[in-house]
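Remember, it's a predicted structure, so these values are computed and weren't measured experimentally. Quick note: numbers below take in every heavy atom, side chains included, and nothing from hydrogens, waters or symmetry partners. The chains referred to below are lettered A, B, ... by the order of the sequence lines, with proteins before strands, and numbering in each begins at 1.
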Amino acid sequence: MSSETSLASPLHAEFAARLIAWQRQHGRHDLPWQNTRDPYRIWLSEIMLQQTQVATVIPYYARFLDRFPTVGALAAAPLDDVMALWAGLGYYSRARNLHRCAQVVADEHGGAFPASVDALAELPGIGRSTAAAIASFAFGARATILDGNVKRVLARVFGIDGFPGEKRVENAMWVLAESLVPGAHASDADVSAYTQGLMDLGATLCVRGKPDCVRCPFADDCVANTTGRQRELPASRPKKAVPTRRTWMLVLLDGDAVMLEKRPPTGIWGGLWSLPEAPDEVALGVRARAFGANGAVSPLAPLSHTFTHFRLDIEPRVIELNGKGAQPAAVALDAQDAQTAWVALSGIDAFGVPAPVRKLLDGLRGSLL
DNA sequence: AAACCGTGGCC
DNA sequence: TGGCCAAGGTT
């Protein structure tokens, strides 16, 4: 146990027990995905909660469970339906991996999620931390998560310098987190309370901006609290200049219908339905004529959308077809490989559309009423 | 190892 | 207003 000895501190031996006691008294106990050991529900919530806040996830989680009550139902659904239900949540590779994972569980695991961390982590969209969350909540496994909450708590309590997104720092945090998990005497309920406690402490008390150290069970031991370094820990992400991209979007209208185009499965907004795009005004005109549109082009107000790593300036251009143009070849909505579709403005909910495009079309619908 | 991948809330 | 980032994983 030399690796644990090297990490030993007065707090180490008590960390798990103190956290579990705190969680039982002050943690969250009524989130929609709690109070169940159903791996499907736990898995679904964990995937949705990746890089996404609780309040944002709640309505999506309810809609998914309602539409797909079991992993088999999700596996049997068309990917397009999953994408449509996911639209607005972001990070759409999660939705594609969610669908693939459901199919692997259904086809290769007899419809039951595997119980070990290692087997879970082999499934699409499930990494080391998410596997530990599922395994601890559903199966009582003594494994640690390492999400943003845990990184913040560990950096402060144990005084760990360096940006946690950096590999070297993250590896050190994994080692520390592993050394803190409850011992073999811990019950399944203890394990659940521990994992939940890590999240609850970071999300409700050891928050980024103004941590509530007075109520923290580790206040007396916390390096950040006892040295007044709450604002410095964890170290913030190194700043980088965000590049700007510009795109022209074609709003091709035929009565109350607009033409959508399916995006490639990878890249930004992968697999979603969006407006046809072109890299400049001229190219957009060429595309419009290819769709049979020869009418007047009217610009809409440009809009800007900021992603994590770049800014997108959108130049929308409207052309009214009024039934005079040729319809695009692929319009069958039930065709698996359809790349374009005419969609009533009132019916875009059935398609997975990027959030800013959705807003644009909602505004257009309002102005046409 | 670092870049890529969304969106909304917060201040 | 804009910078910052949230229950990360994949390539």
Side-chain angles (χ1 to χ4, degrees), chain A residues 27-28 31-34 41-61 83 86-98 100-101 120-137 144-153 163-171 173-174 177 192 195-204 206-210 231 234-245 263-272 274 304-312 352-359:
Chain A
R28 297 171 291 185
L31 295 170
W33 41 85
Q34 290 184 295
R41 293 181 176 226
I42 294 166
W43 163 71
L44 179 61
S45 73
E46 291 301 330
I47 301 301
M48 288 186 164
L49 286 161
Q50 287 169 0
Q51 299 295 99
T52 310
Q53 297 187 353
V54 166
T56 304
V57 164
I58 286 175
Y60 285 87
Y61 180 77
M83 300 304 295
W86 194 276
L89 248 194
Y91 284 141
Y92 297 99
S93 66
R94 290 185 295 170
R96 294 190 295 277
N97 285 332
L98 186 85
R100 275 206 302 145
C101 182
L120 285 165
E122 286 182 16
L123 295 169
I126 301 180
R128 183 174 176 181
S129 184
T130 299
I134 298 169
S136 63
F137 286 137
T144 189
I145 60 170
L146 187 63
D147 61 10
N149 290 311
V150 183
K151 287 175 178 175
R152 189 165 52 254
V153 169
F163 172 53
E166 187 186 333
K167 203 67 182 174
R168 199 191 90 260
V169 179
E170 185 176 329
N171 287 342
M173 286 187 167
W174 271 115
S192 287
T195 299
Q196 189 64 49
L198 286 174
M199 297 170 171
D200 290 349
L201 193 68
T204 70
C206 193
V207 294
R208 181 170 63 96
K210 195 177 171 67
R231 205 176 52 83
S236 55
R237 171 185 302 276
K239 299 186 208 306
K240 294 175 302 183
V242 289
T244 297
R245 303 179 196 170
R263 298 180 62 86
T266 59
I268 204 77
W269 295 334
L272 294 191
S274 189
S304 183
H305 186 73
T306 303
F307 296 92
T308 305
H309 53 299
F310 69 95
R311 197 180 93 163
L312 185 64
V353 175
V357 177
R358 167 71 182 271
K359 286 175 193 164

Measure from [atom1] on [X] to [atom2] on [N] and round the result to the nearest Å.
X	N	atom1	atom2	answer
A:Y91	C:dT10	OH	P	14 Å
A:I134	C:dA7	CD1	C1'	11 Å
A:F310	C:dC4	CZ	C1'	18 Å
A:R28	C:dA7	CZ	P	8 Å
A:W43	C:dG8	CH2	P	17 Å
A:E170	C:dG9	CD	C1'	11 Å
A:D200	C:dA7	CG	C1'	10 Å
A:K240	C:dC4	NZ	P	12 Å

Using modelled atom types and a 3.5 Å cut-off, is there a donor and acceptor pairing between side-chain atoms of [X] and backbone atoms of [Y]?
X	Y	answer
A:R263	A:G271	no
A:T56	A:T52	no
A:R311	A:V242	no
A:Q34	A:L31	yes
A:S45	A:I42	yes

Categorize [X] for me: base, sugar-phosphate, or nothing, with a 4.0 angstrom heavy-atom threshold over every strand shown.
X	answer
A:A55	nothing
A:L89	base
A:T130	sugar-phosphate
A:L272	nothing
A:S236	sugar-phosphate
A:K359	sugar-phosphate
A:G88	sugar-phosphate
A:Q196	base
A:T56	nothing
A:A355	sugar-phosphate
A:G209	nothing
A:W33	base

Practice task
With P as the reference atom in both, quote the distance from C:dA7 to B:dC4 in angstrom, rounded to an integer.
Solution key: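 Their P atoms lie roughly 24 Å apart.
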
Problem - Span that lies between the C1' atom of C:dT11 and that of B:dT7, in whole angstrom - result: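 The answer is 22 Å between these two C1' atoms.
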
Exercise for the section: Give a yes/no answer on whether the side chain of A:Q50 brings an N or O atom under 4.0 Å of OP1 or OP2 in C:dG8. Expected result: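 Answer is no, no contact under 4.0 Å.
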
Handout entry: Base C:dA6 to side chain A:R152, donor-acceptor N/O within 3.5 Å cut-off
Key =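 No, no donor-acceptor pair under 3.5 Å.
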
Problem - Residue closer to the 5' end of DNA chain B, A:S93 versus A:G165 (nearest nucleotide) - result: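 It is A:G165, whose closest nucleotide lies nearer the 5' terminus.
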
Practice task
By nearest nucleotide on DNA chain B, pick out whichever of A:R96 and A:N171 is the more 5' one.
Solution key: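 With A:R96 and A:N171 compared, the 5'-side residue is A:N171.
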
Practice task
For residues A:L49 and A:Y61, determine if any side-chain heavy atom of one lies less than 4.5 Å from a side-chain heavy atom of the other.
Solution key: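 Not in contact.
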
Problem - Outermost nucleotides of DNA chain B that come under 4.0 Å of a non-hydrogen atom of chain A - result: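 So the contact region on DNA chain B extends B:dA1 to B:dG8.
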
Handout entry: Distance-only polar pair, side chains of A:N97 and A:R100, donor-acceptor under 3.5 Å
Key =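 Note: A:N97 and A:R100 side chains meet the donor-acceptor criterion.
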
Problem - A:R28 atom CZ: more than 12 heavy-atom contacts under 6.0 Å - result: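 Atom CZ in A:R28 is packed in, count exceeds 12.
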
Handout entry: Cation-pi, A:F310 ring and A:R245 (6.0 angstrom, 45 degrees)
Key =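 Yes, A:R245 and A:F310 form such a contact.
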
Handout entry: From C:dA7, C:dG8, C:dC5, nucleotide with atom closest to A:Q51 side chain
Key =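 Minimum distance to the A:Q51 side chain belongs to C:dG8.
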
Practice task
Report the residue (A:L123 or A:R237) whose heavy-atom-nearest nucleotide on DNA chain C is the more 5′ of the two.
Solution key: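 The 5'-side residue here is A:R237.
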
